[in-house]
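Okay, so here's the structure we're looking at.
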Amino acid sequence: MINYITDILNAALKKIGLESKEIILEKPKEEKFGDLSTNLALSLAKEFKKNPRDIAKEIIDNLEFDKNLIDKIEIAGAGFINFYISDNFYKDNLKLILQKKSEYGKSDLNKNKTANIEWVSANPTGPLHAGHGRHICLGKAIANLLEWIGYKVTREYYYNDAGYQMSILGQSIESGYKQIFDSRIQFRDDMYKGEYVKKIAEEIYEEYKRNLPPGDDFWIKRGEKYCLNLIKKTLKILKIKHDIFFKESSLYPYNILIINTEDVENIDIYKKKKLSSSGIIKLLYEFKTKNLIYKKDNAWWLKMKSGGFQDDKVIIKSDDIATNRRSEPTYRLPDMAYHIDKINRGYDLILDIFGSDHSDTYKEVLFGVKSAGYAISNIKVIIHQMVTFKKGEESVKMSKRSDDVYYLDDLIEDVGVDATQFFFVMRSANTQLDFDIELAKDKSEKNPVYYLQYAHARICGILRNAEENFPDYEDAKIDDINFELIKTDDEIKLLKVLSRFPDEVLTTASTYEPHKIITYLNSVAECFHRFYHNNRVLNPDDKETSKTRLQICLAAKQVLKNGFDIIGISAPERM
RNA sequence: GCGCCCGUAGCUCAACCGGAUAGAGCACCAGCCUUCUAAGCUGGGGGUUAAUGGUUCGAGUCCAUUCGGGCGUGCCA
């Protein structure tokens, strides 16, 4: 419908002799202003310094439209053009929903385009904690949205499988292992002390007893495998499956993270050894060739001041025996190489999701990628603010250091998968979120999840009733709909809301803001509940109306279900 | 100190390139179950959109300043 009106408006502009414009059509807040409205005349008035109402009149006089679809068009207020859409359109759309079913709302706008969405990407140093939840649930919904607007989506998980943090994990497990038979062993402050560390240690002890396995690498690899499995398990509960797990080490020669600072100086060494094909080395070549890096204090720095940053940043650390620091890249360099890797894979859209604690670093990374000579216009970054947890009035402390962490598994167990998903996606990503665990747990009308799911369950109740008591209604076909019988306000309003779904999906997807779908579904549920309250669906004395209303119910159920699929919650048949 | 994000009803939050009387849920008040699930429906009270100034036909939205909150500001990621 929006496309149709946009087209006829542009045709009218052409007749007047104006360029076609990007036309904004929105649903007016007030019903009396029609179904769709445009401020086109107002913005043209600004441009040409004319009276907006005169322009609006001129446009309408030149507008040709299908009277079967649009009842009337009016000028209102300062110069808004309001369209009143015919009920016929909504009735036709009812058929469309019932025919398209789970496809209703999907668009092929980005047919043949590919998108890569990278998220979660927590390093496998332990289980996911509750704070990760927002990031994870948001990414899940956005990935779904991209598919709904036609992208072929690759879901990717990037993690550091070596380096400082992982070596701490290895040391922690080693300490845990030794502690089993030597009570003198203590954990250092900077070590991981969670229950899972002990579990890994015990597993290893069962396998090797006191025959200490050799090498640092052993502990790290065991830890990585175990922790990644914990993470995947949690993701599976949330019905998330990544297509690619990308290891940082795969960007290095021999998958080893050490880059010798001297070797960078004589970077051709890598070429001689035929090791110059890895992402990190290639990038270093590019930086060196473009004279973007320099050596200072035995570390390598990337020139960033030119990009508006306060300081240049270290990309390869110096050796420092005192602090046990090795000559390895900082996170920036592999992150840049990783993004270049994604660019080279040729996606039409590359999406990163970060918490606000990374909002500075992604700029550095993009700057580096751009400086190295790559186009970054396909890369979009979504930043979400942090989340705090509370139980009623009491706030829940999130401590990484202690072993008393509130894990994502705990949260899911406390409030359920649906409430977890819903609460994290419910709010705009760029506001700080207060997650009320008590409220999410609540099985009453206070809990906003239920308002939506209840509408779906209610419809299922009607369908069950039809099946059991009115078998001859149940087999009603789309062709049995008698449009003449759709006449109450509640019915029409419900159909109007349902017709908006495809447009809502589009705008939601193009801004990557899944909470808008929830706002929309709320209005679907609201209209359905009112319809339900005022309009008896199954009535033995009026078979035709019953059949028709059953089809309306089916359509509402479908739209709710499709919306639930996008945000990733279930559609319960009973509650 | 500097950078990014945020500040909307008692609470949690919406508001689509700047548009018409700023909207929901919860909480509060008053009604509605002999009828497909009352986890619902109907009505009501509640606002100087943190403050001040500016831009314009029009500002919650853009600009400036101030106040308040979050996150960053490592050779951690």
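Just so it is clear: chains get the letters A, B, ... in the order the sequence lines come, proteins before strands, and each one is counted from 1.
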- Residues A:Lys496, A:Asp35: salt bridge by 4.0 Å N-O rule: yes
- Message: For a quick check of understanding: with a heavy-atom distance under 4.0 Å over all strands, which category does A:Gln310 fall into, base, sugar-phosphate or nothing?
- Response: sugar-phosphate
- Task: Provide the distance between the two C1' atoms, one in B:G18 and one in B:G70, to the nearest whole Å.
- Result: 27 Å
- Message: Is there, by distance only and without an angle test, a donor paired with an acceptor across the side chain of A:Asn82 and the base of B:A20 below 3.5 Å?
- Response: yes
- Message: When you measure from the side-chain N and O atoms of A:Lys317 to the phosphate of B:C76, is any distance below 4.0 Å, counting only OP1 and OP2?
- Response: yes
- Message: At less than 4.0 Å, is any side-chain N or O atom of A:Tyr532 found next to OP1 or OP2 of B:A38? Yes or no.
- Response: yes
- Task: Verify the distance criterion only: is there a donor paired with an acceptor across the side chains of A:Lys443 and A:Tyr450 at less than 3.5 Å?
- Result: yes
- Message: Side chain of A:Asn430, heavy atoms from C-beta onward: which of B:C75, B:C41, B:C5 has the nearest atom to it?
- Response: B:C5
- Message: What is the separation between atom CG on A:Asp542 and atom C1' on B:C36, rounded to the nearest whole Å?
- Response: 15 Å
- Item | Touch class at under 4.0 angstrom, heavy-atom based, for A:Lys27 against every strand present | base
- Query: Are the side chain of A:Thr519 and the backbone N or O of A:His515 linked by a donor-acceptor pair below 3.5 Å?
  - Reply: yes
- Message: Of the options B:C13, B:A39, B:C36, whose atoms approach the side-chain atoms of A:Val537 most closely?
- Response: B:C36
- Has A:Lys363 got more than 12 heavy atoms of other residues, nucleotides or ligands less than 6.0 Å from its NZ? yes
- Task: Output yes when A:Glu156 and A:Lys342 qualify as a salt bridge under the 4.0 Å nitrogen-oxygen rule, no when they do not.
- Result: no
- Item | Residue list, salt bridge (Lys or Arg N to Asp or Glu O under 4.0 Å) with A:Arg188, at least two apart or on another chain | A:Asp190
- Task: Have a look at A:Asn39 and say if it touches a base, only the backbone sugar-phosphate, or nothing, with a 4.0 Å heavy-atom cut-off.
- Result: base
Close N/O contacts between protein and nucleotides 22-32 of chain B (under 3.5 Å):
from, atom 1, to, atom 2, distance (Å)
B:A24, O2', A:Asn522, ND2, 3.4

- Starting at the 5' end of RNA chain B and moving along, which residue's nearest nucleotide shows up first, A:Gln432 or A:Phe531? A:Phe531
- Modelled atom types, side-chain donor and acceptor of A:Thr361 and A:Glu364, under 3.5 Å: no
For nucleotides 7-11 of chain B, tabulate all protein N/O to nucleotide N/O atom pairs closer than 3.5 Å, reporting atom names and distance.
none

- Message: Using modelled atom types and a 3.5 Å cut-off, is there a donor and acceptor pairing between side-chain atoms of A:Ser356 and backbone atoms of A:Ser359?
- Response: no
- Just checking, A:Lys72 and A:Tyr84: is the charged tip under 6.0 Å from the six-membered ring centre and within 45° of the axis? yes
- Query: Between A:Ile81 (CD1) and B:G19 (P), how many Å, whole number?
  - Reply: 17 Å
- Message: Between A:Asn82 and A:Ser37, do the side chains contain a donor N or O and an acceptor N or O under 3.5 Å apart?
- Response: yes
- Query: Please walk me through it: do A:Lys516 and A:Glu513 pass salt bridge (Lys or Arg N to Asp or Glu O under 4.0 Å)?
  - Reply: CA-CA 6 Å; A:Lys516 287 180 178 169; A:Glu513 294 183 304; 2.8 Å; yes
- Checking all strands, does A:Ser37 fall into the base, sugar-phosphate, or nothing category for heavy-atom contacts under 4.0 angstrom? base
- Tell me whether the centres of the aromatic rings in A:Phe246 and A:Tyr338 are closer together than 6.0 Å. yes
- Item | Atom pair distance, as rounded to whole Å: CE in A:Met191 and P in B:C76 | 18 Å
- Query: For residues 502-511 of chain A, which residues have at least one heavy atom under 4.0 Å from RNA chain B?
  - Reply: none
- So what does A:Asp297 touch, heavy atoms closer than 4.0 Å: a base, only the sugar-phosphate, or nothing? base
- Message: Just checking A:Phe424 against A:His135, ring centres under 6.0 Å apart?
- Response: no
- Message: Any donor-acceptor pair under 3.5 Å linking the side-chain atoms of A:Asn160 with those of A:Asn123?
- Response: yes
- Specify the separation, in whole Å, of atom CZ of A:Phe309 and atom P of B:G3. 14 Å
- Would you call A:Lys446-A:Glu438 a salt bridge at under 4.0 Å N-O? no
- Item | Base of B:A15 paired with side chain of A:Thr519 (donor-acceptor, under 3.5 Å) | no
- Message: B:A77, OP1 or OP2 - any side-chain N/O from A:Arg332 closer than 4.0 Å?
- Response: no
- Whole-Å distance between B:C76 C1' and A:Asn160 CG? 10 Å
- Message: Any side-chain N or O of A:Arg458 below 4.0 angstrom from OP1/OP2 of B:G40?
- Response: no
- Assess whether salt bridge (Lys or Arg N to Asp or Glu O under 4.0 Å) is satisfied between A:Glu526 and A:Arg530, documenting all intermediate values. CA-CA 6 Å; A:Glu526 188 185 331; A:Arg530 194 183 303 123; 3.2 Å; yes
- Message: Applying a 4.0 Å non-hydrogen cut-off, can you work out what A:Ala455 is touching in the nucleic acid: base, sugar-phosphate, or nothing?
- Response: nothing
- Rounded to whole Å, NZ of A:Lys313 lies from P of B:C76 at a distance of 12 Å
- Message: Does this structure show an ion pair linking A:Asp311 with A:Lys303, if we count only N-O contacts that are shorter than 4.0 Å?
- Response: no
- Query: Is there a donor in the side chain of A:Ser570 and an acceptor in the side chain of A:Asp418, or the other way round, less than 3.5 Å apart?
  - Reply: yes
- Item | Rounded distance in Å - CD1 (A:Ile24) to C1' (B:A20) | 17 Å
- Query: RNA chain B: stems of at least 3 consecutive Watson-Crick or G-U pairs, cut-off 3.5 Å?
  - Reply: B:1-7 with B:67-73, B:10-13 with B:23-26, B:28-32 with B:40-44, B:50-54 with B:62-66
- Task: Decide, applying a 5.5 Å centre-distance limit and a 30° plane-angle limit (both strict), whether A:Phe33 stacks on B:A20.
- Result: yes
- Near RNA chain B, under 4.0 Å by heavy atom, which residues of residues 355-366 of chain A? A:Ser356, A:Asp357, A:His358, A:Asp360, A:Thr361, A:Lys363
- Check whether any side-chain N or O of A:His515 sits under 4.0 Å from OP1 or OP2 of B:A15, and answer yes or no. yes
- Message: Rounded to whole Å, how long is the line connecting atom CG of A:Leu40 with atom C1' of B:C17?
- Response: 13 Å
